[in-house]
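These numbers were taken from a predicted model, which means no experiment stands behind them. Residue numbers start from 1 in every chain, and the chains themselves are labelled A, B, ... in the order their sequence lines are given, proteins ahead of strands. Any value given below was found using the heavy atoms of this structure, including those in side chains, with hydrogens, waters and symmetry copies removed.
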There are 2 protein chains.
Amino acid sequence: MTRSATSRTTPRPTTRPAETAVSSMSPDDLLKLDQQVCFALAVAARNVIGLYRPVLDPLGLTHPQYLVMLALWERSPLTVREIGRLLSLEPATLSPLLKRLEAAGLIRRDRHPDDERALAITLTPRGRQLREQALDVPPQIVERLGVRVEDLQALHASLSRIIAATTATD
Amino acid sequence: MTRSATSRTTPRPTTRPAETAVSSMSPDDLLKLDQQVCFALAVAARNVIGLYRPVLDPLGLTHPQYLVMLALWERSPLTVREIGRLLSLEPATLSPLLKRLEAAGLIRRDRHPDDERALAITLTPRGRQLREQALDVPPQIVERLGVRVEDLQALHASLSRIIAATTATD
DNA sequence: CACTAACAGTTAGTGCACTAACTAATTGGA
DNA sequence: TCCAATTAGTTAGTGCACTAACTGTTAGTG
């Protein structure tokens with residue numbers, strides 16, 4: 001752990017600002033950090049989604065279904081591909097999910113008039129109406145989380161950076 | 001905590017800080033997809049795990065399997081329950097996963113000598129040896145992520161708060 | 001001592017998420 | 001014009017993750 005004397009008095013070749021903090025970190029620490037971040041990300045996501053479960057249960061929605069409904073409540077005729085781009089999900093994942101939402105009477109899966117290949121996913125009246133109940137979800141989650149809003153905002157900012165980095169590179 | 005502003009002079013019945021910001025949002029914004037922390041969390045986790053896929057593929061591991069191996073590389077005889085506590089996973093999730101690791105020749109699933117109910121999960125020589133290759137995983141991920149280390153640290157701090165909040169409450 | 005509680009792990013069933021392989025519609029050239 | 005390449009969505013197959021219901025073991029209590 002005790003940094004070897006590599007960068008002692010020498011000018012430090014390519015010191016981008018990003019690396020300033022790294023210079024105080026051993027490669028070992030870097031590995032640990034990465035492992036911890038990926039682990040924390042997976043656990044936090046599972047835990048938070050688990051928090052949604054009892055809240056979404058009365059609405060008859062799972063968490064991914066809830067995200068799809070959020071997208072549709074914002075803009076209603078959407079194709080499968082468009083939903084996939086919004087949520088970073090594969091069409092193969094959405095296809096059965098959308099059928100379940102259709103079976104629940106929340107959406108319609110009609111052929112797109114301009115392009116027979118595509119589907120026009122629209123809300124049914126029941127689907128549109130469900131938004132009323134959904135308005136109560138975020139406050140309940142925030143309450144159950146019991147985390148300061150500033151912390152949530154900080155988390156959101158950090159996550160956005162990661163998402164930008166991982167979707168831009170693709 | 002610098003919670004100064006909330007303690008005005010009027011007591012304000014049960015205004016926890018969490019609720020002030022949420023209740024002051026317009027209902028429209030409340031359900032906006034792009035400000036849902038849960039959405040960002042889910043997408044970030046999926047993206048990062050997707051980043052691991054090609055890196056873990058040569059090792060023959062999935063991401064959850066990799067996390068289990070990380071736990072075992074740190075401490076080797078572990079029960080299913082103990083792994084579950086470390087990774088926040090249900091025994092029902094781990095049971096088939098561990099059988100796959102056993103089938104891959106990386107672990108052994110022996111009955112625990114002191115308690116016939118429990119399993120003693122141990123590494124095989126091959127499983128222990130795999131650590132060598134795994135040492136190369138985090139640097140590859142950090143490189144592919146292309147994110148500043150400060151951002152990773154900030155993310156880790158935020159996630160830790162969330163995990164603490166969600167596992168303590170259970 | 002017996003018998004019930006609690007506990008460790010497994011199995012069944014549902015749903016998410018991915019890749020690869022497929023069908024059908026559309027587009028763009030040669 | 002016609003036909004190859006692209007595109008939209010579906011299906012099959014693997015694996016993760018959960019809940020509920022189960023088997024078998026241990027431990028606690030009457």
Side-chain angles (χ1 to χ4, degrees), chain A residues 39 41-54 56-57 60-69 77-85 87-104 107 109-121 170, chain B residues 38-39 41-54 56-57 60-69 77-85 87-104 107 109-121 166 170:
Chain A
F39 168 71
L41 203 48
V43 173
R46 266 190 285 113
N47 284 0
V48 170
I49 289 173
L51 223 57
Y52 274 82
R53 229 182 298 279
L56 291 178
D57 215 45
L61 292 176
T62 65
H63 186 257
Q65 288 169 5
Y66 172 66
L67 295 182
V68 169
M69 293 304 287
L78 283 176
T79 69
V80 175
R81 219 90 200 178
E82 288 170 329
I83 298 175
R85 255 189 293 274
L87 305 187
S88 289
L89 284 176
E90 299 298 323
T93 300
L94 286 170
S95 191
L97 188 156
L98 291 169
K99 285 186 180 171
R100 280 186 281 272
L101 286 179
E102 184 188 36
I107 64 167
R109 292 164 60 253
D110 303 319
R111 229 71 237 199
H112 196 291
D114 300 343
D115 187 343
E116 282 291 317
R117 292 172 300 180
L119 288 183
I121 310 290
D170 284 8
Chain B
C38 73
F39 167 62
L41 202 47
V43 172
R46 264 190 286 114
N47 284 0
V48 171
I49 288 173
L51 225 56
Y52 274 83
R53 228 183 300 279
L56 291 177
D57 214 45
L61 293 176
T62 65
H63 187 257
Q65 288 169 5
Y66 172 65
L67 294 182
V68 168
M69 293 304 286
L78 283 175
T79 69
V80 175
R81 219 89 199 178
E82 287 170 330
I83 298 175
R85 256 189 292 275
L87 306 187
S88 290
L89 284 176
E90 300 297 323
T93 300
L94 287 170
S95 191
L97 188 156
L98 291 170
K99 284 185 181 173
R100 280 186 281 271
L101 287 178
E102 183 188 36
I107 65 166
R109 292 163 60 253
D110 303 317
R111 228 71 237 197
H112 196 290
D114 300 343
D115 186 344
E116 282 290 316
R117 294 171 298 181
L119 288 184
I121 309 290
T166 48
D170 286 6

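The separation between B:Asp114 atom CG and D:dT26 atom P is 10 Å, rounded to whole Å. Going from atom CG of A:Asn47 over to atom P of D:dA17 covers 12 Å, rounded to whole Å. At whole-Å resolution of the value, CD in A:Glu116 and C1' in D:dG9 are 13 Å apart. Rounded to an integer number of Å, the gap from A:Asp110 CG to D:dA8 P is 18 Å. If you measure from atom NE2 of A:His63 to atom C1' of D:dC16, you get 17 Å, rounded to the nearest angstrom. As rounded to whole Å, 7 Å separates atom P of D:dC18 from atom CZ of A:Arg53. For the pair B:Arg46 CZ and C:dT19 P, the interatomic distance rounds to 12 Å; values are reported in whole Å. Remark: P of D:dC16 and CD1 of B:Ile83 are 13 Å apart, rounded to the nearest angstrom.
For B:Cys38 against A:Val48, the heavy-atom pair with the smallest separation is CB-CG1, 4.3 Å.
A:Glu82 has its side chain out of reach of A:Ile121: every pair of non-hydrogen atoms, C-beta onward, lies at least 4.5 Å apart. Within the 4.5 Å cutoff, the side chain of B:Leu41 has heavy atoms near those of the A:Leu41 side chain. With contacts defined as side-chain heavy-atom distances shorter than 4.5 Å, the pair B:Leu61/B:Leu101 qualifies. Under the 4.5 Å side-chain criterion, counting only non-hydrogen atoms from C-beta, A:Ile107 is in contact with A:Met69.
Distances shorter than 4.0 Å separate some side-chain N or O of A:Thr93 from OP1 or OP2 on C:dC18.
Taking syn as a glycosidic angle within 90° of 0, C:dA5 qualifies as syn.
Evaluation of the side-chain contact (heavy atoms from CB on, under 4.5 Å) rule for A:Glu116 yields A:Arg111 as partners, not counting sequence neighbours. For B:Pro77, the side-chain contact (heavy atoms from CB on, under 4.5 Å) partners at least two apart in sequence or on another chain are B:Thr122. Every residue meeting the ring-ring contact (aromatic ring centres under 6.0 Å, His included) condition with B:Tyr66, not counting sequence neighbours, appears here in chain and number order: B:Tyr52. A search for salt bridge (Lys or Arg N to Asp or Glu O under 4.0 Å) contacts involving B:Arg109 returns B:Glu102, not counting sequence neighbours.
Taking a pair as Watson-Crick or G-U wobble with both distances under 3.5 Å, DNA chain D forms stems of 3 or more consecutive pairs at C:1-4 with D:27-30, C:6-30 with D:1-25.
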Check: protein-nucleotides 8-12 of chain C nitrogen or oxygen pairs below 3.5 Å:
residue: C:dG9; atom: OP1; partner: B:Val80; partner atom: N; Å: 3.2
residue: C:dG9; atom: OP1; partner: B:Leu119; partner atom: N; Å: 2.8
residue: C:dG9; atom: OP2; partner: B:Arg81; partner atom: N; Å: 2.8
residue: C:dT10; atom: OP1; partner: B:Arg109; partner atom: NH2; Å: 2.5
residue: C:dT10; atom: OP2; partner: B:Ser95; partner atom: OG; Å: 2.5
residue: C:dT10; atom: O5'; partner: B:Ser95; partner atom: OG; Å: 3.1
residue: C:dT11; atom: OP2; partner: B:Lys99; partner atom: NZ; Å: 2.6

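The listed nucleotides are C:dT19, C:dG15, D:dG15; the one nearest the side chain of A:Glu90 is C:dT19.
Contacts of B:Leu89 with the nucleic acid, taken as non-hydrogen atoms under 4.0 Å apart, involve only primed sugar atoms and P, OP1 or OP2.
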